[in-house]
Colleague: 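Below is the structure I would like to discuss, written out as structure tokens.
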Amino acid sequence: MASRSFLLYTFLTFSLSFHGIAALEYRVINIAATTPGGIRFNTKIGNPFTKQIMGTINNYIWYVVFQQNTPSDQKQVDSVNTYIVEFDGAAGIAWGNNNINVSTNYLKELVGDLKWQFTSLMLHEMTHVFQWNGEGTTPSGLIEGIADYTVLRANHTEWGFANPGDGDSWDQGYAVTARFLEYCDGITPAFVAKLNKLMRVTYDVKYFEDLTGKTVDQLWQEYKARYGH
């Protein structure tokens, strides 16, 4: 089994090799630099590494996950701003059009490979910056599921990530929905990329049927049956 450090290196170099850094600015602002988590960010992760993975992840989302090869297909922003902030309740939050908050309380408690875990978080949050959401009409469970699908697609999951077949509903969100979307990809190649494209202006659950020939409920039932749930 490949080591985590090897997988992280592979991920960081993959999209750079084919596309180069996306032509927008990546900013990292540690506004909690004197807190334990803020200090840990500066000493163990740092601004240069963060900017590097932001550019790599941006390209990975555009060209691999969403297969958006032309600027007209891509969600355009001038910059992406990552703030290291002290707050509770979440590891990270994407807000506004192009902002990400990372919790110093989360960073303070991390155990193990900090850069690996931080990269997993940034894969999720950066997806929120660049995904289409039907101009606010897409259910939150699907939005979060697509963000975790990026983590899954990059082979950057953490311990405790849902297994295939887990969950109570297709739109439960996060890793449960990510695994379901992975299953849909197996039925219709590039399913997530095609679904994201359809959600540029609005959302309709019928998109699942349009892309696979089956309703989302039928897909979920067959998915659960496949994995014995």
Side-chain angles (χ1 to χ4, degrees), residues 1-66 74-75 77-88 90-131 146-161 175 178:
M1 181 176 180
S3 68
R4 282 193 164 194
S5 59
F6 175 78
L7 290 170
L8 178 60
Y9 172 80
T10 301
F11 169 72
L12 288 174
T13 58
F14 174 81
S15 66
L16 296 178
S17 300
F18 288 91
H19 300 288
I21 291 291
L24 54 87
E25 185 176 1
Y26 305 102
R27 303 183 184 126
V28 184
I29 306 98
N30 188 347
I31 61 177
T34 61
T35 66
I39 293 170
R40 200 175 192 203
F41 171 81
N42 284 338
T43 58
K44 300 295 185 180
I45 300 171
N47 284 23
F49 177 81
T50 302
K51 289 180 180 180
Q52 179 189 10
I53 64 167
M54 288 172 73
T56 302
I57 290 169
N58 183 171
N59 281 336
Y60 188 76
I61 291 166
W62 274 347
Y63 299 114
V64 179
V65 178
F66 293 153
Q74 300 162 353
K75 183 180 175 183
V77 296
D78 294 328
S79 65
V80 183
N81 309 306
T82 295
Y83 298 94
I84 311 303
V85 187
E86 188 173 24
F87 64 93
D88 292 317
I93 299 171
W95 59 279
N97 192 48
N98 62 337
N99 302 299
I100 297 168
N101 285 358
V102 176
S103 167
T104 56
N105 294 332
Y106 158 77
L107 295 172
K108 177 180 65 176
E109 300 298 330
L110 285 179
V111 176
D113 190 333
L114 268 65
K115 286 186 174 180
W116 174 277
Q117 295 173 80
F118 182 75
T119 300
S120 295
L121 174 64
M122 292 301 291
L123 280 160
H124 180 102
E125 300 302 338
M126 289 280 289
T127 301
H128 287 321
V129 173
F130 293 105
Q131 69 188 150
I146 291 173
D148 259 11
Y149 170 86
T150 299
V151 180
L152 178 61
R153 180 73 184 267
N155 198 24
H156 234 275
T157 60
E158 291 294 316
W159 181 89
F161 198 91

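Bear in mind that the values here come from a model prediction, so they are computed numbers and not experimental data.
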Colleague: Between atom CZ of R40 and atom OH of Y106, what is the distance when rounded to the nearest 0.5 Å?
Modeller: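 Answer for the CZ-OH pair, R40 versus Y106, is 10.0 Å.
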Colleague: Is any side-chain heavy atom of T127 closer than 4.5 Å to one of Y149?
Modeller: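 No - every pair of side-chain heavy atoms lies 4.5 Å or more apart.
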Colleague: Report the distance from atom OG1 of T56 to atom CD1 of I53, rounding to the nearest 0.5 Å.
Modeller: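 It comes to 8.0 Å.
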Colleague: Between Q52 and P48, is there a donor-acceptor pair closer than 3.5 Å when you use the side chain of the first and the backbone of the second?
Modeller: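 Such a contact is absent between Q52 side chain and P48 backbone.
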Colleague: Which heavy-atom pair separates R27 from I29 by the least distance, and what is that distance?
Modeller: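 Closest heavy-atom pair between R27 and I29: CB-CD1, 4.0 Å.
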Colleague: For Q131 and A147, which heavy atoms make the closest approach, and how far apart are they?
Modeller: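 Smallest interatomic distance, heavy atoms only, reads NE2-N, 4.5 Å.
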Colleague: Taking atom OG1 of T35 and atom CG of L107, what is their separation to the nearest 0.5 Å?
Modeller: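 Taking OG1 in T35 and CG in L107, the distance rounds to 8.5 Å.
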Colleague: So how far is it from L110 CG to I45 CD1, rounded to the nearest 0.5 Å?
Modeller: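 Interatomic distance, L110 CG to I45 CD1, rounded to 0.5 Å: 7.0 Å.
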Colleague: Indicate yes or no: at least one non-hydrogen side-chain atom of Y60 is less than 4.5 angstrom from one of R153.
Modeller: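 Yes - at least one pair of side-chain heavy atoms lies under 4.5 Å apart.
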Colleague: Do V151 and E158 come within less than 4.5 Å of each other through their side chains, counting heavy atoms only?
Modeller: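 Of all side-chain heavy-atom pairs linking E158 with V151, none is under 4.5 Å.
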Colleague: What is the minimum heavy-atom distance between S103 and A90, and which atoms define it?
Modeller: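 That closest heavy-atom pairing would be CB-O, 3.3 Å.
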Colleague: For T104 and A32, work out which heavy atoms get closest and say how close.
Modeller: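 Nearest heavy atoms, T104 then A32: CG2-CB, 3.7 Å.
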Colleague: Taking all non-hydrogen atoms of both residues, which atom of I93 and which atom of E125 are closest, and how far apart?
Modeller: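 Nearest pair, atom of I93 first, then E125: C-OE1, 3.7 Å.
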Colleague: Is the backbone N or O of H156 less than 3.5 Å from a side-chain atom of S120, with the two atoms forming a donor-acceptor pair by type?
Modeller: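 Judged by distance alone, yes, a pair lies under 3.5 Å.
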Colleague: To the nearest 0.5 Å, what is the distance between OG1 (T34) and CG (N42)?
Modeller: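 If we round to the nearest 0.5 Å, T34:OG1 and N42:CG are 10.0 Å apart.
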Colleague: For the side-chain contact (heavy atoms from CB on, under 4.5 Å) test, which of I61, T150, V65 pairs with L123?
Modeller: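 That would be T150.
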Colleague: Find out whether F41 and V28 are in side-chain contact, i.e. whether some heavy atom of one side chain is under 4.5 Å from a heavy atom of the other.
Modeller: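 F41 vs V28: side chains touch.
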Colleague: Tell me, please, which residues at least two apart from A175 pass side-chain contact (heavy atoms from CB on, under 4.5 Å).
Modeller: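 A175 satisfies side-chain contact (heavy atoms from CB on, under 4.5 Å) with D148, F161, A162 once adjacent residues are dropped.
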Colleague: With the side chain counted from C-beta on, respond yes when V102 and M122 share a heavy-atom pair under 4.5 Å apart, and no when they do not.
Modeller: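 Heavy-atom side-chain distance check passes, below 4.5 Å.
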Colleague: Not counting sequence neighbours, which residues clear side-chain contact (heavy atoms from CB on, under 4.5 Å) with N99? List them please.
Modeller: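 Here the qualifying residues are N81, Y83, W95.
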Colleague: Mind listing the closest non-hydrogen atom pair of K51 and Y26 along with its distance?
Modeller: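 Shortest heavy-atom separation between K51 and Y26 comes out as CE-O, 3.5 Å.
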Colleague: Taking side chain as C-beta onward, heavy atoms only, is F130 less than 4.5 Å from I57?
Modeller: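 Side-chain contact under 4.5 Å: no.
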Colleague: To the nearest 0.5 Å, tell me how far I31 CD1 sits from E86 CD.
Modeller: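 That separation rounds to 10.0 Å.
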Colleague: Quick one: are M126 and M54 in side-chain contact, heavy atoms under 4.5 Å?
Modeller: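 They are in side-chain contact.
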Colleague: If we only count heavy atoms from C-beta on, is the F49 to K44 side-chain gap below 4.5 Å?
Modeller: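 With C-beta onward as the side chain, the pair stays apart.
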Colleague: Go through the steps to decide whether I100 and H128 satisfy the test side-chain contact (heavy atoms from CB on, under 4.5 Å), and finish with yes or no.
Modeller: CA-CA 9 Å; I100 297 168; H128 287 321; over 6 Å; no
